[in-house]
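Presented below is the structure to which this report refers.
Letters A, B, ... mirror the listed sequences (proteins, then strands); counts begin at 1.
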Amino acid sequence: GAVVSQHPSWVICKSGTSVKIECRSLDFQATTMFWYRQFPKQSLMLMATSNEGSKATYEQGVEKDKFLINHASLTLSTLTVTSAHPEDSSFYICSARVYRVLDEQFFGPGTRLTVL
Amino acid sequence: AQTVTQSQPEMSVQEAETVTLSCTYDTSESDYYLFWYKQPPSRQMILVIRQEAYKQQNATENRFSVNFQKAAKSFSLKISDSQLGDAAMYFCAYRSDNDMRFGAGTRLTVKP
């Protein structure tokens, strides 16, 4: 199988603090990792795409200074929400892409962020 | 930009019956993938079925099948013999290169 983990699964923080979310591909090396944001009862919105060792590509409207993405290795990507505010409260999902027999993309279980 | 449209916010089906979820997309690409994902209350995205655009044959996975109409840019999902465990949000997705886009989703309710 192919497993993508996220840590933490949920986090509560105070406004103005920074929060780091980790995304790991446990049994494969990902060519590309993606970060999505999902508001309640809404769809997944792509925030950014990252490749190991290079800068992330952010979608229009996503502040790269606020949502810092570090893709340190082929199995680890981190999303840091800097100076979080209540409007940043959301469900964040990472995804990892790998070419094996097929070109596949696997999703992590998500991280629920609540900013007080 | 590529867009994915799911025009049915909610659908309901009787257990053991068949239901079809609609999806249309807009693209100028010729090479792409289409997907249906299921998102249960746990929020974990689960791949239901995938279709490569270059393949004319419709994909099937057990009780799940698609009707892929490339010229019409339509990609519907048919669930046969619906089960209570099929109840979830279903998202249609399009991917070309590194760009995966999702539709707004359809909430499927299965009535016992």
Does any heavy atom of chain A fall under 4.5 Å from the side chain of [X], the backbone, both, or neither of them?
{"X": "B:Met89", "answer": "neither"}
{"X": "B:Phe35", "answer": "neither"}
{"X": "B:Gln6", "answer": "neither"}

For this session: Verify, without hydrogens or angle tests, whether A:Ser43 (side chain) and B:Gly105 (backbone) share a donor-acceptor contact under 3.5 angstrom.
Result: no

Exercise. If we only count heavy atoms from C-beta on, is the A:Gln38 to B:Gln39 side-chain gap below 4.5 Å?
Worked result: yes

Return a table of donor-acceptor pairs under 3.5 angstrom between the side chains of residues 104-115 of chain A and protein atoms on other chains or two or more places apart.
residue	atom	partner	partner atom	Å
A:Glu104	OE1	A:Arg100	NE	3.2
A:Glu104	OE1	A:Arg100	NH2	3.4
A:Gln105	OE1	B:Arg95	NH1	3.2
A:Gln105	NE2	A:Tyr36	OH	3.4
A:Gln105	NE2	A:Ser95	OG	3.0
A:Thr111	OG1	A:Gln6	NE2	3.1
A:Thr111	OG1	A:Pro8	O	2.6

Hey, is [atom1] on [X] packed in by over 12 heavy atoms from elsewhere, all under 6.0 Å?
{"X": "A:Glu87", "atom1": "CD", "result": "yes"}
{"X": "A:Lys66", "atom1": "NZ", "result": "yes"}
{"X": "A:Met45", "atom1": "CE", "result": "no"}
{"X": "B:Lys73", "atom1": "NZ", "result": "yes"}
{"X": "A:His85", "atom1": "NE2", "result": "yes"}

Problem set entry | Point-to-point distance, once rounded to the nearest 0.5 Å, from CZ of B:Phe91 to CG of A:Leu44 | 6.0 Å

Problem set entry | Approximate separation, where rounding is to 0.5 Å, of B:Arg43 CZ and A:Ile93 CD1 | 6.5 Å

